[in-house]
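Notes to accompany the following structure.
Keep in mind that this is a model prediction, so the values were computed, not measured. The analysis underlying the following values was restricted to heavy atoms, covering all of them including side chains, and did not include hydrogens, waters or symmetry mates.
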Amino acid sequence: MKQIIIIGGLLMFPILAQAQVGVGTASPAPSAAVDIVSTARGLLIPRMTQAQRVAIASPATGLLVFQIDINQGFFFFDGTAWNKLAVVGSSNSSTSNETLIYTADGF
């Protein structure tokens with residue numbers, strides 16, 4: 001019985017010891033759950049239609065998706081409502097339910 005407990009503990013150790021996931025790196029940042037490092041590729045966020053986005057049951061606060069049909073763009077859930085990310089000065093930054101993203105020079 002003691003051997004079974006020891007073997008079980010050893011098998012569980014790697015699962016308990018892993019705190020971060022690194023993609024393209026052997027040493028992910030300690031403050032990140034997922035750390036992606038690349039100089040040639042990007043991160044592809046899930047793409048869906050508006051109907052698929054609003055049909056998500058109990059979306060988590062901070063959930064991010066890219067809407068591919070009507071009012072195309074990135075949307076995030078703030079815990080209460082879906083908000084579109086918009087760049088200040090872009091032609092599609094006109095609706096009231098948008099979060100504006102400013103660049104370093106303020107534009």
Side-chain angles (χ1 to χ4, degrees):
M1 181 67 169
K2 185 176 179 181
Q3 289 176 337
I4 293 173
I5 294 172
I6 291 172
I7 291 171
L10 290 174
L11 291 174
M12 292 298 291
F13 181 74
I15 295 169
L16 299 173
Q18 187 172 2
Q20 298 91 15
V21 174
V23 177
T25 180
S27 55
S31 63
V34 177
D35 186 358
I36 302 171
V37 177
S38 176
T39 58
R41 297 179 184 186
L43 172 67
L44 191 55
I45 300 297
R47 299 155 317 279
M48 60 186 66
T49 64
Q50 180 180 17
Q52 291 168 327
R53 176 179 58 82
V54 298
I56 297 172
S58 303
T61 299
L63 189 66
L64 178 68
V65 300
F66 187 84
Q67 187 169 300
I68 58 174
D69 58 356
I70 305 163
N71 202 11
Q72 186 178 62
F74 287 101
F75 285 80
F76 74 96
F77 191 73
D78 69 5
T80 304
W82 285 99
N83 296 280
K84 183 176 183 187
L85 294 177
V87 177
V88 173
S90 73
S91 61
N92 67 350
S93 62
S94 60
T95 65
S96 61
N97 199 25
E98 293 181 342
T99 299
L100 303 178
I101 305 298
Y102 291 89
T103 60
D105 58 5
F107 295 105

Using the rule that Ile, Leu, Val, Met, Phe, Trp and Tyr join whenever any side-chain heavy atoms are under 4.5 Å apart, tell me whether [X] and [Y] fall into a single cluster.
X     : Y     : result
Phe76 : Ile45 : yes
Val37 : Leu43 : no
Ile68 : Leu64 : yes

Check against side-chain contact (heavy atoms from CB on, under 4.5 Å), Met48 and Ile56: CA-CA 11 Å; Met48 60 186 66; Ile56 297 172; 3.9 Å; yes
At what distance, to the nearest 0.5 angstrom, does CD of Gln72 lie from CD of Gln50? 12.5 Å
Value rounded to 0.5 Å, distance of CD in Gln52 from CZ in Arg47: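 The CZ atom of Arg47 is 11.0 Å from CD of Gln52, to the nearest 0.5 Å.
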Shortest non-hydrogen contact from [X] to [Y]?
X     : Y     : answer
Gln67 : Thr49 : CG-C, 4.1 Å
Pro59 : Trp82 : CB-CZ2, 3.9 Å
Pro28 : Gly22 : CG-N, 3.9 Å

So do Asp35 and Val23 actually touch side chain to side chain, heavy atoms under 4.5 Å? no
Would the distance check show the side chain of Asn83 and the main-chain N or O of Ala81 forming a donor-acceptor pair, the cut-off being under 3.5 Å? yes
Let's go through Leu44 and Phe66 carefully: what are the C-alpha distance in whole Å and the side-chain angles of both, what is the deciding distance for side-chain contact (heavy atoms from CB on, under 4.5 Å) to 0.1 Å, and is it a yes or a no? CA-CA 9 Å; Leu44 191 55; Phe66 187 84; over 6 Å; no
